[in-house]
Amino acid sequence: MIVMATLWLSSSTIAQDLTDSLPAMEKKTDYVISTFDGTRVINGQSIENPHAGTLQLLFSHRFGSVSTGIHTLYGLDQANVRIGFDYGISERLAIGIGRSSQRETYDSYLKFKLLRQSTGLKNMPVSLSLFASATAMTNIKNVLDTVSGFSSRLTYVYQMILARKFSKKLSLQLSPTLIYRNQIQSVNDEYYVYALGFSGRYKLTKRFSLTAEYFYVFSKYTAAHYYNSASVGIDIETGGHVFQLHLTNSQGMIEQFFIAKTADDWLKKGIRLGFNISRNFTIVRNKNSNTW
């Protein structure tokens, strides 16, 4: 009798230990997705990458400034465009190339997601990406640009992107940025331009979101001769692609232009209508399902 009671107590204890360990065994890491709707907030990079095996076609368009008046239909007769391709090598690493009509500029970039916001077994409060790009201007009109040959046309951008999705509606992002230019336009200009970007998204419905973006330039000469880039917009998800409609004071759509060379002021009607349209094409099927 005593032996039977001992065996019963032992089996009960073992069963209880197994039951208590089940939650820990079943616990998994859930990665946060859709911090932003697209790979760009408005002009600047967002924390998002194309999914692994996905090729994204991104078409961006900026009209002229409304300050040009009725003879240009408040900027609608003017246009600056960029066409780019982004590819997700993995869920963390993306590459991209593009071509802008402004100074006939070609750009390329790498973006690596170092940290991914997550809950569960691995709790990470933020996402962190490292971004680096190189650009080359092929339409050189200024005599100063021709002195040093092709290297004078090159510009490099380094950026850290720190983001957090606070809820299903609200996401915020910081983007410390360094721009290095091989050629400057005057002896007082700066090779290095330092800036800090602030971005946010507030989701109104399942398919509509409000976005805002602002880049503050610290470098004194650049800050004195140009304006900080400021933009507001709305994102519309339409299934296979995202349509982004916005107002901005920046003509350029890559960092060396919209951060370091924004020539228009919101307070002086230096506002441009613009849009981004992205379309995704699945090249390799993504089997990752551990998302939230």
Undergrad: Does the plane of the ring in Y156 sit parallel, tilted or perpendicular to the ring in Y158? Use 30° and 60° as the thresholds.
TA: parallel
Undergrad: Going by atom types only, do E48 and T39 share a side-chain donor-acceptor pair under 3.5 Å?
TA: no
Undergrad: Flag the pair D264 and R272 as a salt bridge only when some basic side-chain nitrogen lies within less than 4.0 angstrom of an acidic carboxylate oxygen.
TA: yes
Undergrad: Would you call K203 and D37 a salt bridge, using N to O less than 4.0 angstrom?
TA: yes
Undergrad: Run the numbers on R82 and R99 for side-chain contact (heavy atoms from CB on, under 4.5 Å), then give the verdict.
TA: CA-CA 5 Å; R82 177 185 180 273; R99 201 267 191 185; over 6 Å; no
Undergrad: Does D189 pair with R181 as a salt bridge, N-O distance under 4.0 Å?
TA: yes
Undergrad: Hydrophobic clusters join Ile, Leu, Val, Met, Phe, Trp and Tyr when side-chain heavy atoms are under 4.5 Å apart, directly or via other members; which others share one with I259?
TA: F36, V41, I42, I47, Y109, F131, V157, I161, I179, V193, F215, V217, F258
Undergrad: Please tell me whether H61 and F63 form a close aromatic pair, meaning their ring centres lie under 6.0 Å apart.
TA: yes
Undergrad: Is the ring pair Y191/Y180 parallel, tilted or perpendicular, if the boundaries are 30 and 60 degrees?
TA: parallel
Undergrad: What residues form a salt bridge (charged side-chain N to carboxylate O under 4.0 Å, His left out) with K261, not counting sequence neighbours?
TA: none
Undergrad: Distance-only, no hydrogens or angles: does the S167 side chain make a donor-acceptor pair with backbone N or O of L170 under 3.5 Å?
TA: yes
Undergrad: Which residues pass the side chain to side chain contact (heavy atoms under 4.5 Å, CB included) test with L174, sequence neighbours left out?
TA: F198
Undergrad: Should we say atom CZ of F275 is surrounded by more than 12 heavy atoms from elsewhere, each under 6.0 Å from it?
TA: yes
Undergrad: Is the distance from the ring center of Y87 to that of F85 below 6.0 Å?
TA: no
Undergrad: Is R116 close enough and on-axis enough to Y31, meaning under 6.0 Å and within 45°, for cation-pi?
TA: yes
